[in-house]
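Encoded as C-alpha cells, the structure appears first; notes follow it.
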Amino acid sequence: DMALISRKGSALVREIHEKQKRDKSRQRFLELAGSKLGDILGVEKSVDEIDADIVVVGEDGEVDFKGKARFSQHLAVSAFTKSKTISQQRQNLPIFSVRDELLQVVRENQVVIIIGETGSGKTTQLTQYLYEYGYTVNGIIGCTQPRRVAAMSVAQRVSEEMETELGDKVGYAIRFEDATGPSTVIKYMTDGVLLRETLKDPVLEKYSIILMDEAHERSLDTDVLFGILKKVVARRRDFKLIVTSATLNGEKFSNFFGGVPIFHIPGRTFRVQICYSKTPCEDYVEAAVKQAMTIHIAGAPGDILIFLTGQDEIEATCYALSERMEQLISSTKQPVPKLLILPIYSQLPADLQAKIFQKAEDGARKCIVATNIAETSLTIDGIFYVIDTGYGKMKVYNPRMGMDALQVFPISRASADQRAGRAGRTGRTGPGTCYRLYTENAYENEMLQSPVPEIQRTNLGNVVLLLKSLKIQNLLDFDFMDPPPQDSILNSMYQLWLLGALNDVGDLTDLGRKMVKFPLDPPLAKLLLMGEQLECLSEVLTIVSMLSVPSVFFRPKDREAESDAAREKFFVPESDHLTLLNVYQQWKANEYRGDWCNDHFLQVKGLYKAREIRSQLLDILKTLKIPLTYCGPDWDVVRKTICSAYFHNAAMLKGIGEYVNCRNRMPCNLHPTSALYGSGYTPDYMVYHEAILTTKEYMQCVTAVEPHWLAELGPMLFSV
Ligand code: CDP
Ligand code: MG
C-alpha cells in the first residue's frame with residue numbers, strides 16, 4: 001500500500017515514516033484520504049482499512065500530516081487496477097508495436113536515429129525498454145531534454161509507470177536541482193546538465209547509453225552535445241547513442257554520424273481540420289480568448305490548447321478567460337459548463353505545471369494556455385482544439401544591443417504543423433480542429449520552413465567557455481552540425497576577454513578556469529569571483545542567487561497598489577541588486593519564515609529556491625577553497641563588485657532621466673519596477689544586469705556606479 005499511495009499521489013504523499021502520533025491524526029488523514037487521495041485515485045472513501053505510516057506533504061511543501069493512518073482496502077484495490085491500466089496504456093502506444101525491432105537496431109548499431117510523432121512514446125517508453133533489456137548493468141541510461149519542465153514531468157511519469165519513487169530508480173537533474181539517488185538507473189536531465197557533466201567526465205563513464213531526445217528542437221546545448229557525443233562514440237565502443245526527433249529531419253542527424261540507421265515509429269496520424277483567419281489579426285491575445293470562448297459555448301466536448309509566446313501573455317489570457325466566464329455566468333440563467341483554465345510555461349512552479357495532466361471533472365472542459373513548450377516536449381491527452389497564434393519567443397542575439405534578448409517571432413511552418421498535430425489526440429474518431437489566427441497566405445509565403453537553430457542566433461559565451469575548458473583550441477574547427485556564424489564566435493570570445501576569462505591569445509585565464517566551475521552565465525560567475533577579491537563574497541553570493549530565480553516580488557492582479565507599496569519598502573535607492581540583497585537579508589532576519597513573505601508580498605517559493613541555490617553555490621566555493629567574506633553594512637563595495645562584472649552593460653545619463661548605452665549610444669530605459677524609476681535619483685552612470693526588449697529597450701536590474709570605477713575595472717572600454 002505504501003508504494004501505490006506514493007506512486008499515485010506523490011504530490012501529496014512523499015514518504016512512509018516509522019514515527020507517528022496516532023489517534024488524533026487518524027481522523028485528519030481519513031478526511032484527507034477521502035477527499036484528496038480519493039479524488040486522485042478516483043475512488044470513494046470506504047470502511048475496510050489497512051494501517052500504514054505516512055507523511056503527507058501538501059502542495060505548498062508543508063507537512064500536512066505525519067503519522068500512522070488507515071487506508072481503505074478499497075483504495076488499495078482500486079490503485080491496483082489503476083496500475084493495470086497504466087500497463088495497458090503503455091501497450092497502446094505506437095512505439096509498443098515496434099519494441100522488439102527497436103531493441104534490435106539498438107543492439108546492432110552504436111548510434112541510431114529514431115523518428116516518431118509526438119505522443120508515440122519515445123520519451124517515456126524508450127528508456128524503460130532499454131532498462132528492461134538490461135542496458136543498466138554496466139552503467140545508467142541518460143535521457144536529455146531541452147526543457148526543464150519536460151525533464152521533471154517525464155521523470156515523474158516514468159517513475160509512476162515503473163512504480164518507484166521519483167529520485168529512486170528514476171530521477172531527474174536540472175540546473176540547481178538534482179532529484180537522483182544512488183539507485184537511479186534512468187536519469188532524465190536537461191541537455192545543459194549533461195554538457196556540464198562532460199567537463200568532469202569527458203567520456204561519460206557513468207552512462208552506458210544516452211538518449212538525446214527532442215533533437216529537432218536544436219537547442220544550443222543539444223547542438224554542442226552532438227559534437228561532444230560524436231567523440232564519445234568514437235572513443236567508447238561500449239557506449240550507445242540514440243537521437244530522437246519528432247520531425248522528419250533524420251537524414252541530417254544520420255549523416256552527421258556518418259550515415260547511421262534511421263528508424264521510423266509508425267505513426268497514428270490524427271486528421272486535423274485547419275481553419276485560417278481570413279485577415280491578419282490585430283491582437284492575437286484577444287482573438288485567442290474570443291476563439292476559446294466560442295468553442296467553449298458552442299463546440300463539441302474536448303479540451304482546448306492555446307499557444308502564446310510567454311508568461312505575461314499567458315497570465316493575461318487566463319485572466320481574461322476567467323473574467324469572460326464570470327460575465328457569462330452572471331448574465332445567463334442557464335447553467336454554464338465549467339472551464340478549467342490552466343497556464344503552462346517554464347517558470348511556473350512544478351506543482352502547478354502538473355495540473356495540466358489531470359483530468360477535468362465530468363462536464364468540465366480544460367483550456368490549457370501554453371508557450372511552445374507544449375509543441376512537442378509535453379504530450380497532453382484529450383486535446384481536441386488547438387488555437388495557434390502563430391507566434392513564439394526565441395532567444396536571439398541582438399547586434400544593436402550587443403546581447404541576447406528574448407523576442408517574439410512568427411513561428412516556422414514546422415512548428416505550426418506540430419502545434420496543429422496536438423489536436424485530435426482524444427481517441428475519438430472525428431478530426432480535431434486547429435484555429436490558426438493568421439492567414440493561409442502567411443503560412444505559405446511568410447513563415448520559414450523550419451526554425452533557425454539556436455546556435456546560429458544566440459550568444460555563445462557559455463559554449464566558448466565550456467569548449468575552451470574541454471581543451472578545444474580552435475573553436476572554428478569544432479564539429480558542429482551547423483556551425484555558428486564566425487562573427488558570433490569571435491564576438492563571444494571578445495566578451496569573455498572583456499571579462500578577463502580569456503587572455504590576449506584566446507586561452508583560458510585562471511579566472512576563466514574558475515568561472516567554468518559555476519553553472520552560471522559568465523558575468524554572474526565573474527561577479528562571484530570578484531566578490532572574493534573585494535571581500536564581500538557573502539553579499540554577492542546572495543545577489544547572484546536572487547538573480548537566478550524569477551522575480552520574488554508578488555503582484556496579485558487586484559492588489560497592485562498594496563503590493564507595490566510593500567515592494568518599495570525594500571528599495572535601496574541606488575540599486576536593484578542591493579534591493580534584492582536587502583529582501584533576502586530581511587527574510588533571513590525573520591527566520592526565513594513563509595508567513596513573513598506573504599505579509600510582504602514576496603514569493604515564498606522563489607525565496608526558498610534562492611536559498612537553495614545559494615547553498616549549492618556555496619558548496620562549489622568550498623570545493624574551490626574560497627572562504628566566505630562579509631563586507632557588513634557598508635554596501636558601496638558591493639556596488640563596485642557589481643560594476644566589475646557588468647561594466648560591459650553600462651549606461652550614462654543623457655538629458656533628464658534619459659539614459660543611453662555607453663557602448664553604442666542607443667537609448668535604454670529604466671524599467672518601471674526598478675528602485676531608481678521615478679525616484680528622482682538620477683546617477684550619472686549605472687550598470688544593468690540585462691536588457692529586455694518589449695515595446696522599448698529596457699534595462700533590467702540596475703545599480704548606480706561611480707565613473708572612476710568603470711575606468712578602473714573596465715579599462716578596455718573606459719578611460720578617465
Ligand atoms: O516522446 P513522445 O512525444 O513520443 O511521447 P511521450 O512523451 O513518451 O508520451 C507518450 C504518452 O505518455 C502520452 O500520450 C501520454 O499519454 C503519456 N504521458 C502522460 O500521461 N504524462 C506525462 N507526463 C507524459 C506522458
Ligand atoms: Mg517526447
Side-chain angles (χ1 to χ4, degrees), residues 7-8 10-11 40 82-83 85-99 102 113-131 141 143-162 166 170 172 186 188-191 211-217 219 222 242-248 250 263-270 303 305 342 344 348 350-360 366 368 370 372-384 417-419 421-428 432:
R7 190 187 70 236
K8 197 47 222 177
S10 44
I40 289 177
K82 184 95 180 174
S83 94
T85 52
I86 277 199
S87 79
Q88 272 162 9
Q89 272 175 30
R90 288 190 62 193
Q91 296 183 6
N92 274 335
L93 291 170
I95 199 170
F96 184 74
S97 63
V98 289
R99 183 180 185 276
L102 256 172
I113 317 293
I114 297 178
I115 312 284
E117 300 241 351
T118 303
S120 52
K122 300 180 300 297
T123 312
T124 53
Q125 304 306 304
L126 272 169
T127 50
Q128 294 186 72
Y129 294 172
L130 297 168
Y131 167 72
I141 299 167
C143 178
T144 65
Q145 296 289 323
R147 298 164 189 279
R148 302 155 53 99
V149 179
M152 292 191 285
S153 86
V154 162
Q156 170 73 40
R157 167 75 184 181
V158 173
S159 68
E160 279 168 24
E161 292 189 7
M162 289 178 55
L166 184 59
V170 182
Y172 69 85
I186 297 180
Y188 287 93
M189 66 202 125
T190 50
D191 39 19
L211 239 139
M212 270 172 83
D213 204 5
E214 301 277 308
H216 60 269
E217 283 234 353
S219 76
T222 298
I242 299 177
V243 177
T244 75
S245 168
T247 54
L248 300 167
F263 190 99
H264 286 266
I265 299 169
R268 242 180 247 151
T269 39
F270 300 95
D303 297 337
L305 172 61
L342 302 168
I344 175 102
L348 191 74
D351 48 338
L352 296 179
Q353 285 175 7
K355 286 208 167 132
I356 62 162
F357 294 107
Q358 287 166 19
K359 238 182 104 58
K366 277 204 292 198
I368 297 166
N372 45 17
I373 194 164
E375 240 170 68
T376 61
S377 305
L378 300 176
T379 310
I380 310 152
D381 293 330
I383 302 293
F384 200 60
D417 294 344
Q418 284 294 334
R419 289 180 175 191
R422 303 304 103 236
R425 302 189 39 82
T426 52
R428 237 192 282 161

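Computed from heavy atoms alone, side chains included, the values below leave out hydrogens, waters and symmetry copies. The shown structure was predicted, so the numbers you read here are calculated from the model rather than taken from an experiment. Numbering starts at 1 and runs along the sequence shown. Read the numbers this way: they start at 1 and go in the same order the structure lists the ligands and their atoms.
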Checklist entry - Between Glu217 and Thr222, does a side chain to side chain contact (heavy atoms under 4.5 Å, CB included) hold up when you go through it step by step? => result CA-CA 8 Å; Glu217 283 234 353; Thr222 298; over 6 Å; no
Item to check | Residue pair Gln145, Ser377: steps toward the side chain to side chain donor-acceptor pair (under 3.5 Å) verdict | outcome: CA-CA 8 Å; Gln145 296 289 323; Ser377 305; 5.4 Å; no
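Remark: ligand 1 atoms within the under-4.0 Å shell around heavy atoms of Thr124 are 6 (P), 8 (O), 9 (O), 10 (C), 25 (C). Those atoms of ligand 1 with a heavy atom of Thr118 less than 4.0 angstrom away are 3 (O). Close approach of ligand 1 to Glu117 is summarised as follows: ligand atoms under 4.0 Å from at least one heavy atom of the residue are 4 (O). Counting the atoms of ligand 1 from 1 in the order shown, those under 4.0 Å from a heavy atom of Ser153 are 23 (N).
Atom OH of Tyr131 sits in a sparse spot, with 12 or fewer heavy atoms from other residues, nucleotides or ligands closer than 6.0 Å.
For ligand 1, the polar-atom distance check against Thr123 finds a nitrogen or oxygen pair separated by under 3.5 Å. Looking at ligand 1, you'll find an N or O of Gly121 within less than 3.5 Å of one of its N or O atoms. Taking distance alone, with nitrogen or oxygen atoms compared against 3.5 Å, Leu93 stays at or beyond that limit from ligand 1. The shortest N/O to N/O separation between Ser120 and ligand 1 falls below 3.5 Å. Considering both main-chain and side-chain atoms, Lys122 comes within under 3.5 Å of ligand 1 through a nitrogen or oxygen pair.
A donor-acceptor pair under 3.5 Å is absent between the side-chain atoms of Lys122 and the main chain of Ser245, judged by distance alone. Of the possible polar contacts, none joining the Tyr172 side chain to the Val154 backbone as a donor-acceptor pair under 3.5 Å is found. Between the side chain of Arg90 and the backbone N or O of Ile86 there is no donor-acceptor pair closer than 3.5 Å.
In this structure, Gly119 has a heavy atom closer than 4.0 Å to ligand 1.
Residues Gln89 and Glu161 have side chains that never bring a donor and an acceptor to within less than 3.5 angstrom of each other.
Note on Arg147 versus Glu214: no salt bridge recorded, every NZ/NE/NH1/NH2 to OD/OE distance being 4.0 Å or above.
When distances to the Mg ion (ligand 2) are checked against a cut-off of 2.8 Å, Thr123 contributes an N, O or S atom below that limit.
Contacts of Arg157 with ligand 1, taken as heavy-atom pairs under 4.0 Å, involve the side chain alone. Contacts between Asp381 and ligand 1, counted as non-hydrogen atom pairs separated by less than 4.0 Å, involve the side chain only.
Ile380 and Ala374 get closest at one heavy-atom pair: CD1-CB, 4.3 Å.
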